[in-house]
Q: 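Once you've had a glance at the structure underneath, I'll fire off some questions.
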Amino acid sequence: MKRLIDISQRLDNHVAGWPGDTPFSYSLAWTKADSGSVNVGKIVMSIHTGTHIDAPYHFDDEGKRVIDLDPELYVGPARVVHVSVSQSIGIDDLKDVELEGVTRLLIRTGAWVDRQAFPQTIPHLEPDLAAYLAQYGVRLIGLDLPSVDVLDSKELPAHHELTRHGIHILEGIVLEDVQPGDYELIALPLPLVEADGSPVRAVLREL
Ligand SMILES: Nc1ccccc1C(=O)C[C@H](N)C(=O)O
Ligand SMILES: [Zn+2]
Ligand SMILES: [Zn+2]
């Protein structure tokens with residue numbers, strides 16, 4: 001078996017979170033000294049911290065919750081591509097990318113340079129990319145960014161268009177050291193019954 005490449009954002013009490021949202025914290029509810037037997041931790045976090053998937057319920061009250069999402073989406077062949085973009089990612093930016101047979105597309109923009117801080121601006125996905133990708137059979141899109149839309153978007157057009165075309169969203173992956181090419185992706189959400197998303201440990205395996 002080939003080695004795993006970790007493409008997950010490490011979670012510590014300094015991880016950059018969405019401004020105003022619940023900061024990540026890990027602490028001990030009981031220390032071994034207190035309990036006499038074990039350290040017992042707890043985590044408090046916004047679901048949309050670090051490397052995570054969005055469930056449609058995040059942006060649609062009637063949308064699927066995490067438990068309703070097929071785990072198969074998050075395990076399997078994935079193509080990593082590098083794009084250099086400024087304002088947005090559109091069909092034009094992917095015109096040289098071979099998409100035939102690609103079900104999971106992971107895009108490295110390199111636009112989130114300082115992962116210790118939440119970015120001021122990010123390139124967003126142009127909503128019409130959803131239909132274009134769906135044509136090829138893409139079912140999952142992953143980005144090295146905290147959102148697929150403009151950060152202050154209320155309408156979230158890319159989130160909605162992707163969902164309408166059956167494309168699931170993985171955000172905040174770390175692709176700095178990953179070469180373009182084909183890999184196996186494993187990025188399973190937790191079995192959260194009601195949630196609007198889930199943190200994932202995302203890894204790639206070289207084929
Ligand atoms: N956590 C937030 C707090 C306030 C407003 C938006 C967010 C988001 O998470 C949106 C982002 N597009 C996301 O899916 O991760
Ligand atoms: Zn999210
Ligand atoms: Zn999102």
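Numbering of ligands and ligand atoms starts at 1, following listing order.
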Q: To check you understand the geometry: which heavy-atom pair defines the closest contact between His160 and Glu155, and what is its length?
A: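 Result for this residue pair: CD2-O, 3.1 Å.
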Q: May I ask you to determine how many protein N/O/S atoms are under 2.8 Å from the Zn ion (ligand 3)?
A: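 Under the 2.8 Å cut-off, the count stands at 4.
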Q: Answer yes or no: is there an ion pair linking Glu184 with Arg205, defined by an N-O contact shorter than 4.0 Å?
A: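 Counted as a salt bridge, because a side-chain N and a carboxylate O are separated by less than 4.0 Å.
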Q: Evaluate whether atom NE2 of His82 has more than 12 neighbouring non-hydrogen atoms of other residues, nucleotides or ligands under 6.0 angstrom away.
A: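 More than 12 heavy atoms, drawn from other residues, nucleotides or ligands, come within 6.0 Å of this atom.
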Q: Taking all heavy atoms of Leu105 and all of Leu133, pick out the closest pair and write down the distance.
A: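 Looking at all heavy atoms of both residues, the closest pair is CD2-CD2, 3.8 Å.
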Q: Among side-chain atoms of Glu126 and Ser88, is any donor-acceptor pair under 3.5 angstrom?
A: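 Yes, side-chain donor-acceptor contact under 3.5 Å.
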Q: Counting C-beta onward and ignoring hydrogens, is there a side-chain heavy-atom pair between Asn13 and Tyr26 closer than 4.5 Å?
A: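 A side-chain contact exists here, since the closest heavy-atom pair is under 4.5 Å.
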Q: With a sphere of 6.0 Å drawn around CD1 of Ile43, does it hold more than 12 non-hydrogen atoms of other residues, nucleotides or ligands?
A: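 12 or below, so no.
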Q: Would you mind naming the N, O or S atom of His52 nearest to the Zn ion (ligand 2)?
A: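 Distance check against the Zn ion (ligand 2) picks out NE2 in His52.
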Q: With distance as the sole criterion, is a donor-acceptor pair present between the side chains of Asp54 and His48 under 3.5 Å?
A: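 There is such a pair between these side chains.
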Q: I need the contact residues for ligand 1: any residue with a non-hydrogen atom closer than 4.0 Å to the ligand, ordered by chain then number.
A: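 These residues qualify: Trp18, Asp21, His48, His52, Asp54, His58, Pro146, Ser147, His159, Glu171.
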Q: Do Asp149 and His159 have side-chain atoms, one donor and one acceptor, less than 3.5 Å apart?
A: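 Yes, His159 and Asp149 have a side-chain donor paired with an acceptor closer than 3.5 Å.
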Q: I'd like to know if the side chain of Thr109 pairs up with that of Asp144 as donor and acceptor (distance under 3.5 Å, no hydrogens or angles considered).
A: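 Their side chains do contain a donor-acceptor pair, which is all the 3.5 Å distance test asks for.
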